[in-house]
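These notes are about the structure you will find just below.
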Amino acid sequence: MSLYQEWLDLAQDPSRSDKDREQFWNDYFEKEKDLYALLLKDHETTWFGSFDTLAEGFGWEKTHFIGFLDGIDSSLRTPIVIEDVDHDTEITLDIDFEKLLFNMYEAKAPWLYELPEWEDVLPEEIRANIYKEWKASKIFVAEKKVGPNDPCPCGSGKKYKKCCGRAAE
């Protein structure tokens, strides 16, 4: 079984009670917060090594560390094929911090995007722009509503009320 599958099985364990599930995720998120604080504090460092070496160096259980990598993967300059990671896979944590912040907003993870370490990584103006960009990506703009006398969008050339609009009646 792959490391990633082990993580999925652990994270989605259906035998866990609601209380145990909540405790599992609270523990995971606290450990995740500490690791992100370290990565932000040493933001000029590119971390690299085998999967096992990095997991041990950061003090993570290997099954949990693959979950962390799954979360940070879309913020790396060179993504990891997470399903293919094994104990000897060479990992490079070359983080695009602007993308990471955007992804933290996307994940709705205030325990991560509110870390004080961000102040030394990205200036306030850039963080504010990333937040605005994220908010703008959530705005839905409805298409113009078709009126009864408008041409039917199906391309028939008929008025909407005489074509597809009839089905709505």
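Keep in mind that what you see is a predicted model, and the values were worked out from it rather than measured.
Side chain of Asn103 to main chain of Lys99: a donor-acceptor pair is present (N/O by atom type, distance under 3.5 Å, no hydrogens or angles). No donor-acceptor distance shorter than 3.5 angstrom exists from the side chain of Asn26 to the backbone of Gln23, with no hydrogens or angles considered. Proximity of a side-chain donor or acceptor of Arg21 to a complementary backbone N or O of Arg16 within less than 3.5 Å is detected.
Annotation: side chain of Ser74 is not in contact with side chain of Pro79 (no heavy-atom distance under 4.5 Å).
Between Thr45 atom OG1 and Leu38 atom CG the span is 8.5 Å, to the nearest 0.5 Å. Here Lys162 contributes atom NZ and Asn149 contributes atom CG; the two are 9.5 Å apart, rounded to the nearest 0.5 Å.
Atom NZ of Lys135 is surrounded by 12 or fewer heavy atoms from other residues, nucleotides or ligands within 6.0 Å. Shown here is Phe48, whose CZ atom has no more than 12 heavy atoms of other residues, nucleotides or ligands within 6.0 Å. More than 12 heavy atoms of other residues, nucleotides or ligands shown are found within 6.0 angstrom of NZ on Lys31. Crowding of Glu22 atom CD: a count of heavy atoms from other residues, nucleotides or ligands under 6.0 Å not exceeding 12.
Side-chain polar atoms of Asp94 and Thr92 form no donor-acceptor pair below 3.5 angstrom. Under 3.5 Å, the side chains of Asp96 and Ser75 contain no donor-acceptor pair of N or O atoms.
Classified by interplanar angle (parallel below 30°, tilted 30° to 60°, perpendicular above 60°), the ring pair Phe51/His87 is perpendicular. Ring planes of Trp118 and Phe97: perpendicular class, angle over 60° (limits at 30 and 60°).
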Tabulate below the donor-acceptor pairs under 3.5 Å that side-chain atoms of residues 1-8 make, not counting sequence neighbours, or state none.
residue: Ser2; atom: OG; partner: Gln5; partner atom: N; Å: 3.0
residue: Tyr4; atom: OH; partner: Asp70; partner atom: OD2; Å: 3.4
residue: Gln5; atom: NE2; partner: Asp9; partner atom: OD1; Å: 2.8

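Applying the salt bridge (Lys or Arg N to Asp or Glu O under 4.0 Å) test to pairs two or more places apart or on separate chains, those with a residue in residues 46-64 are Glu56-Lys62. Screening residues 120-133 for side chain to side chain donor-acceptor pair (under 3.5 Å), with sequence neighbours left out, gives Glu124-Arg127.
Between Trp47 and Phe58, the ring center distance clears the sub-6.0 Å criterion. Separation of the Tyr36 and Phe68 ring centroids falls under the 6.0 Å cut-off.
In terms of heavy-atom proximity, Ser15 sits nearest to Asp13 at OG-OD1, 2.7 Å. Among all heavy-atom pairs drawn from Met104 and Tyr113, the shortest one is O-CD2, 3.6 Å. Shown here for Ser137 and Phe102, the closest heavy-atom pair between the two residues is OG-CZ, 4.0 Å. Between Leu93 and Leu76, the closest heavy-atom pair is CA-CD2, 3.9 Å. Glu117 approaches Val121 most closely through the heavy-atom pair O-CG2, 3.4 Å. For the pair Tyr160 and Pro153, the tightest heavy-atom approach, listed with the atom from each and the gap, is CD1-CD, 3.8 Å.
Salt-bridge check for Glu106 with Lys138: passed, with a basic side-chain N closer than 4.0 Å to an acidic carboxylate O.
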For a side chain to side chain contact (heavy atoms under 4.5 Å, CB included) check, start with the C-alpha distance between Lys159 and Cys152, then their side-chain angles and the critical distance, and finish with the verdict. CA-CA 5 Å; Lys159 289 185 177 183; Cys152 189; over 6 Å; no

Please test Trp60 against Tyr28 for ring pair (Phe, Tyr, Trp, His ring centres under 6.0 Å), starting from the C-alpha separation and ending with a verdict. CA-CA 10 Å; Trp60 277 60; Tyr28 176 84; 5.6 Å; yes

